[in-house]
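Single-structure report; data block below.
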Amino acid sequence: MKNTNSSKLVIHTLSYINQEFGKTIVMVTHDPQMASYCNRLILLNDEVTLEALKSSGEQEALYAVMGRKDTNKTGRNC
């Protein structure tokens, strides 16, 4: 998403729905910052699972781990 305010509104709304209503949200993105809000990430490359990551609750820590991955070849699911 290009607009920062819109991106934050969308991600906070999805987080609210997940937490308050117990609904699972599936988001596919190439944006590591948006993906870092997720509880679980599945990193893909050519339809092959490279790695599954679980959040410790620290968005910055998860974002740092993703930053060490090769973002040119890796798609991100959450």
Side-chain angles (χ1 to χ4, degrees):
M1 293 182 180
K2 299 283 183 190
N3 185 316
T4 303
N5 290 332
S6 294
S7 298
K8 287 180 181 180
L9 177 62
V10 168
I11 201 69
H12 289 296
T13 301
L14 292 173
S15 293
Y16 175 80
I17 291 168
N18 172 255
Q19 293 170 5
E20 294 298 317
F21 300 105
K23 299 296 180 183
T24 298
I25 307 295
V26 177
M27 177 173 63
V28 178
T29 184
H30 290 275
D31 183 342
Q33 187 173 18
M34 288 295 107
S36 70
Y37 284 91
C38 298
N39 295 326
R40 182 175 178 219
L41 295 168
I42 301 171
L43 306 178
L44 302 174
N45 186 12
D46 295 329
E47 300 177 12
V48 175
T49 302
L50 297 177
E51 189 171 358
L53 302 172
K54 233 180 165 174
S55 175
S56 64
E58 300 264 341
Q59 180 188 358
E60 293 80 16
L62 188 56
Y63 184 66
V65 168
M66 292 184 322
R68 292 191 297 264
K69 305 298 177 192
D70 182 1
T71 58
N72 292 325
K73 294 191 274 183
T74 305
R76 287 173 169 75
N77 271 345
C78 71

How long is the span from the [atom1] atom in [X] to the [atom2] atom in [Y], to the nearest 0.5 Å?
| X | Y | atom1 | atom2 | result |
| --- | --- | --- | --- | --- |
| Cys38 | Ile11 | SG | CD1 | 5.5 Å |
| Glu20 | Ser15 | CD | OG | 11.0 Å |
| Tyr37 | Asp31 | OH | CG | 9.5 Å |

Quiz prompt | Exercise: identify the closest heavy-atom pair between Ile25 and Leu14 | solution =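 What the structure gives for the nearest pair is CG1-O, 3.8 Å.
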
Exercise. List the atom of Thr29, the atom of Ala35, and the distance in Å for their closest heavy-atom pair.
Key: CG2-CB, 3.9 Å

Quiz item: Residues two or more places apart in sequence or in another chain: which of them pass side-chain contact (heavy atoms from CB on, under 4.5 Å) with Leu9?
Solution: Thr13

Quiz prompt | Heavy-atom side-chain proximity of Ile17 to Lys23 below 4.5 angstrom | solution = yes

Quiz item: Is the shortest heavy-atom distance from the side chain of Val10 to the side chain of Met34 under 4.5 Å?
Solution: no

